[in-house]
Amino acid sequence: MRIFDTKVQELKYTVLMELAWQTWKGNDAFSVFNEIAGEIVKKDEPPMSCCIYKDRAIVAERIRIALGGNKSNPNVIQVIDIACDECPEAGHVVTDLCRGCVAHRCADACKLGAISFDEEQIAHIDKKKCVECGKCADICPYSAITNFKRPCERSCKVDAIYMSPDGGAAIIDSEKCIACGACVYQCPFGATLDVSSITDVIKTIINSENNTKFKVYAMVAPAIASQFTYAKPGQVITAIKELGFYAVEEAALGADIVAYQEAAELQDKDIMTSSCCPAFVKYIKTRFPDMEQHISHNLSPMGEMGKLIKKHDPQAKVVFIGPCTAKKSEIKDPKVGQYIDYVLTFEELQALIDSKDIEVEKLPETDLDTASGFGRNFARSGGVADAVTEAVKERLGDATEVNPIVCDGLEKCRSALMRANKGKLPNNFIEGMVCEGGCIGGAACLTHGVTNKKSIEDYGISAKIKDIQTAVQQADNRK
């Protein structure tokens with residue numbers, strides 16, 4: 001078993017891997033459900049939930065979401081209701097720190113009479129009366145009352161996920177959700193899950209008939225250098241080709257193209273935001289609509305690279321592979337979807353590789369060197385700002401007028417956008433990344449280690465192309 005951060009990731013991987021293995025064999029997922037469930041939920045092992053029957057019901061739901069989920073649900077993040085019933089009720093609760101004091105300040109503070117006391121004078125909160133104002137918690141001298149939030153709610157910085165009125169499974173507001181996947185990574189029961197195209201990708205590769213009917217391209221995000229720590233990046237590229245892809249392309253080249261175009265666009269704007277993070281872009285559109293006009297008009301690096309591939313091969317099928325669940329939402333936009341057919345995460349790539357029994361560590365390395373180090377550094381926080389600054393310098397010979405602000409994590413993004421919206425931001429370029437650390441902190445990374453940033457910087461240094469203009473010119477000269 002590969003090393004993942006959590007057991008939930010391992011479970012997700014196992015379902016995807018078993019499903020992929022059956023798809024390569026030509027089997028329909030639901031016709032072999034019992035085989036998949038039996039492999040994942042074994043009779044002689046302790047159940048993960050109350051019983052083996054519930055475990056297998058949850059596996060069935062995981063398979064459904066792995067096959068694309070509820071088609072009537074617009075969210076790329078969906079909830080497995082049956083798995084989402086183990087969390088305590090959210091809201092203010094009395095902990096065992098309550099000393100049964102005589103003062104009863106908590107009850108005095110509650111104007112709705114929601115607090116009562118038992119024989120030992122321990123406080124209890126009536127949830128039917130409580131409106132979660134928090135006055136009781138504020139006044140308790142022992143800090144015995146706390147505001148408990150479920151992990152998914154706590155992880156969502158845009159308040160897009162909430163519990164149903166009856167206290168049951170979580171509900172995701174599609175208007176607010178930016179598909180960042182934070183709830184997927186943080187839910188300890190794996191009850192939130194990103195929909196998958198893994199079987200569609202396998203069928204596309206098979207139907208290409210060894211890339212003779214049409215060619216299937218894989219496009220890898222530069223964050224790949226921070227993942228698959230058991231092998232070298234070049235070996236992972238070879239493994240991807242072993243899966244049956246015609247070629248592997250660098251999304252980092254698309255990043256070079258974006259940086260070069262944004263450098264020109266910035267000359268005509270007083271202030272501009274980056275367009276590479278789809279979760280950041282949607283956050284602006286939903287929470288700061290007045291700032292939408294300042295979003296770069298360029299496609300994301302994924303979109304630009306897909307556009308380049310299909311310019312030279314209109315019949316190509318393009319599969320983006322990266323650490324981001326929001327990319328699955330991005331391709332629903334027709335402006336992007338015309339260039340990108342499917343999105344897979346690194347978690348799904350690992351499942352694909354293992355479903356074919358590919359021993360990555362034993363493979364030779366494939367050289368992939370079409371992008372500059374600046375393009376590769378898009379994967380980390382600050383990389384976009386560095387690249388745009390460099391591109392302005394290469395275009396004009398001077399970059400003193402570029403004054404970027406780097407924002408990773410939604411709090412920093414929100415702060416910069418609020419100041420920009422009020423005309424109080426001194427910077428003229430906002431690099432926005434919803435995930436902390438940038439793409440290397442994406443929800444669908446295999447690991448979220450502290451060495452990720454250095455891995456990306458080393459990957460950037462290893463690029464043979466040292467400037468953005470050369471990478472862009474070589475892209476323009478492609479045949």
Side-chain angles (χ1 to χ4, degrees), residues 2 4-17 19 48 58-59 61-70 73-87 149-163 169-174 176-198 221 223 227 277-280 282-283 320-332 342-351 409-410 433-449 452:
R2 303 299 182 191
F4 295 90
D5 285 349
T6 70
K7 293 292 185 181
V8 169
Q9 282 182 291
E10 289 184 10
L11 175 60
K12 180 180 180 181
Y13 152 82
T14 304
V15 172
L16 289 168
M17 195 268 287
L19 181 58
M48 291 176 281
I58 292 173
V59 168
E61 288 299 294
R62 286 184 166 275
I63 291 173
R64 180 181 62 80
I65 293 178
L67 292 170
N70 181 355
N73 187 339
N75 297 327
V76 298
I77 310 296
Q78 298 186 7
V79 178
I80 301 175
D81 289 359
I82 193 173
C84 186
D85 64 356
E86 301 291 345
C87 286
K149 294 187 74 174
R150 298 187 183 191
C152 58
E153 290 181 289
R154 189 168 60 247
S155 68
C156 182
K157 306 303 181 183
V158 294
D159 299 321
I161 190 167
Y162 58 94
M163 295 304 109
I171 297 173
I172 297 176
D173 187 331
S174 59
K176 291 182 178 180
C177 180
I178 56 176
C180 66
C183 61
V184 176
Y185 182 68
Q186 292 298 334
C187 177
F189 289 97
T192 46
L193 199 62
D194 50 304
V195 299
S196 180
S197 299
I198 193 167
Q227 304 295 300
C277 173
F280 177 63
K282 184 173 181 183
Y283 180 66
F320 175 81
I321 304 171
C324 180
T325 55
K327 290 293 184 185
K328 296 182 177 184
S329 181
E330 184 183 356
I331 64 169
K332 292 189 175 184
Y342 302 107
V343 168
L344 294 178
T345 63
F346 290 145
E347 292 172 326
E348 291 165 325
L349 174 59
Q350 184 66 73
L410 207 58
M433 298 274 199
V434 165
C435 295
E436 293 187 9
C439 299
I440 55 176
C445 284
L446 298 182
T447 60
H448 298 73
N452 286 357

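Side chains are part of it too, since the values below use all heavy atoms of this structure and drop only hydrogens, waters and symmetry mates.
Between A444 and T325, the shortest heavy-atom distance links the atoms CB-CG2, 4.3 Å. Closest heavy-atom contact between G438 and M433: CA-CB, 4.0 Å. Of all the heavy atoms in A223 and I440, the pair that sits closest is CB-CG2, 4.3 Å. Closest non-hydrogen pair, S174 versus N75, comes out as CB-OD1, 2.9 Å. Across E347 and A443, no two heavy atoms sit closer than the pair OE2-O, 4.3 Å. Residues K332 and P74 share a closest heavy-atom pair of NZ-O, 2.7 Å.
Residues meeting the salt bridge (Lys or Arg N to Asp or Glu O under 4.0 Å) test with K157, sequence neighbours left out: E411. For A160, the side chain to side chain contact (heavy atoms under 4.5 Å, CB included) test picks out C156, V158, K176, C177, with sequence neighbours left out. By the side chain to side chain donor-acceptor pair (under 3.5 Å) test, N70 pairs with S72, sequence neighbours left out. Take F280 and apply the ring-ring contact (aromatic ring centres under 6.0 Å, His included) test, not counting sequence neighbours, and it matches no residue. Listed by chain and residue number, E10 satisfy the salt bridge (Lys or Arg N to Asp or Glu O under 4.0 Å) test with K7 (two or more places apart in sequence, or in another chain). The side chain to side chain donor-acceptor pair (under 3.5 Å) test applied to Q78 returns no partner, not counting sequence neighbours. In this structure Q227 satisfies the side chain to side chain donor-acceptor pair (under 3.5 Å) test with no other residue, sequence neighbours excluded. For K149, the side chain to side chain contact (heavy atoms under 4.5 Å, CB included) partners are E153, R154, not counting sequence neighbours. In this structure T192 satisfies the side chain to side chain donor-acceptor pair (under 3.5 Å) test with no other residue, sequence neighbours excluded. Shown here are the side chain to side chain contact (heavy atoms under 4.5 Å, CB included) partners of Q186, two or more places apart in sequence or in another chain: S155. Among residues two or more places apart in sequence or in another chain, the side chain to side chain contact (heavy atoms under 4.5 Å, CB included) test is passed with A191 by A83, C84, C187.
Here Y13 and F4 bring their ring centres to under 6.0 angstrom of each other.
Side-chain atoms of R150 do not come within 3.5 Å of backbone N or O of Y162 as any donor-acceptor pair. Of the possible polar contacts, one joining the E348 side chain to the T345 backbone as a donor-acceptor pair under 3.5 Å is found.
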**Study point:** Audit row: Y283, L410, side-chain contact (heavy atoms from CB on, under 4.5 Å) steps and yes/no
**Key:** CA-CA 9 Å; Y283 180 66; L410 207 58; 4.0 Å; yes
Practice item. Show your working on side-chain contact (heavy atoms from CB on, under 4.5 Å) between I77 and L193 and close with a plain yes or no. Key: CA-CA 5 Å; I77 310 296; L193 199 62; over 6 Å; no
Review point. Do R62 and L11 pass the side-chain contact (heavy atoms from CB on, under 4.5 Å) test, and can you show the C-alpha distance, the side-chain angles, and the key distance before you say yes or no?
Key: CA-CA 10 Å; R62 286 184 166 275; L11 175 60; 3.6 Å; yes
Exercise for review: Decide yes or no on side-chain contact (heavy atoms from CB on, under 4.5 Å) for S196 and L16, but give the supporting numbers first.
Suggested key: CA-CA 9 Å; S196 180; L16 289 168; 4.0 Å; yes
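Residues D81 and E61 fail the side-chain proximity criterion, which asks for heavy atoms closer than 4.5 Å. For the pair C324 and C439, the minimum side-chain heavy-atom distance is 4.5 Å or more. Counting heavy atoms from C-beta on, the side chains of I171 and V79 never come closer than 4.5 Å. For the pair L349/L344, no side-chain contact is recorded, criterion being any heavy-atom separation below 4.5 Å from C-beta on. Looking at heavy atoms from C-beta onward, F346 lies in side-chain contact with I321 at the 4.5 angstrom threshold. Taking the side chain as every heavy atom from C-beta outward, D173 and I161 never approach each other to under 4.5 Å.
Here OH of Y185 is found 6.0 Å from OG1 of T6. Values are rounded to the nearest 0.5 Å. Taking OG1 of T14 as the start and CG of L19 as the end, the distance is 12.0 Å to the nearest 0.5 Å. Here CD1 of I331 is found 6.0 Å from OG of S197. Values are rounded to the nearest 0.5 Å.
Legend: salt bridge (charged side-chain N to carboxylate O under 4.0 Å, His left out) pairs involving residues 177-195, not counting sequence neighbours, sorted by first then second residue: K12-D194, D194-K328.
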